[in-house]
Visitor: 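Next up is a structure, given as structure tokens.
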Amino acid sequence: MPKMKTNSSAKKRFRLTGTGKIARKNAYKSHILTKMSTKRKRNLGQTSMVSAADMGNVKRMLAIGK
């Protein structure tokens, strides 16, 4: 059976942490930022973890596991 191909867009957007979780960037940080508060923009700049509901789809795109 051939190897699984990694989804090219997914490998640019997600990364695997040391504990096996998948980190992602937050949305809503690209444009029209003048109406947002400074605190909200600052918190959107931090990375988040992928939720458990989406973990299977992301792992499939990244060809991790089965």
Side-chain angles (χ1 to χ4, degrees):
M1 191 162 171
K3 292 181 181 179
M4 286 283 293
K5 279 196 173 179
T6 302
N7 184 304
S8 293
S9 63
K11 70 183 174 188
K12 298 166 191 170
R13 288 173 170 81
F14 302 106
R15 64 180 178 82
L16 202 60
T17 63
T19 56
K21 295 177 183 174
I22 299 174
R24 65 172 177 85
K25 291 272 197 163
N26 285 309
Y28 310 114
K29 191 70 170 52
S30 55
H31 62 100
I32 315 176
L33 300 174
T34 51
K35 60 178 78 171
M36 271 190 212
S37 68
T38 311
K39 179 180 178 180
R40 184 174 170 197
K41 286 187 281 192
R42 184 170 60 244
N43 289 334
L44 286 174
Q46 299 169 356
T47 56
S48 309
M49 296 298 145
V50 171
S51 69
D54 298 325
M55 193 72 76
N57 288 331
V58 175
K59 281 188 174 183
R60 192 174 300 113
M61 286 191 287
L62 295 174
I64 299 172
K66 296 180 183 176

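Computed from a predicted structure; not experimentally measured. Hydrogens, waters and symmetry mates play no part in the numbers below; they use all other heavy atoms, side chains included.
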Visitor: The criterion is side chain to side chain contact (heavy atoms under 4.5 Å, CB included); which residues satisfy it with Thr19, sequence neighbours excluded?
Guide: Thr17, Lys21
Visitor: Would you name the heavy atoms of Leu62 and Phe14 that are closest together and state the gap between them?
Guide: CD1-CB, 4.0 Å
Visitor: Below 3.5 Å, can you tabulate the donor-acceptor pairs from side chains in residues 45-53 to any protein atom, sequence neighbours excluded?
Guide:
{"residue": "Ser48", "atom": "OG", "partner": "Asn26", "partner atom": "OD1", "Å": "2.8"}
{"residue": "Ser48", "atom": "OG", "partner": "Asn26", "partner atom": "ND2", "Å": "3.2"}
{"residue": "Ser51", "atom": "OG", "partner": "Asp54", "partner atom": "OD2", "Å": "3.2"}

Visitor: Identify every side-chain donor-acceptor pair in residues 1-8 under 3.5 Å, counting partners at least two apart or on other chains, and give the distances.
Guide:
{"residue": "Asn7", "atom": "OD1", "partner": "Ser9", "partner atom": "N", "Å": "3.0"}
{"residue": "Asn7", "atom": "OD1", "partner": "Ser9", "partner atom": "OG", "Å": "2.6"}
{"residue": "Asn7", "atom": "OD1", "partner": "Ala10", "partner atom": "N", "Å": "3.2"}

Visitor: For residues 33-42, please give each side-chain donor-acceptor pair under 3.5 Å, one per line with the distance, not counting sequence neighbours.
Guide:
{"residue": "Ser37", "atom": "OG", "partner": "Arg40", "partner atom": "N", "Å": "3.2"}
{"residue": "Lys41", "atom": "NZ", "partner": "Leu33", "partner atom": "O", "Å": "3.2"}

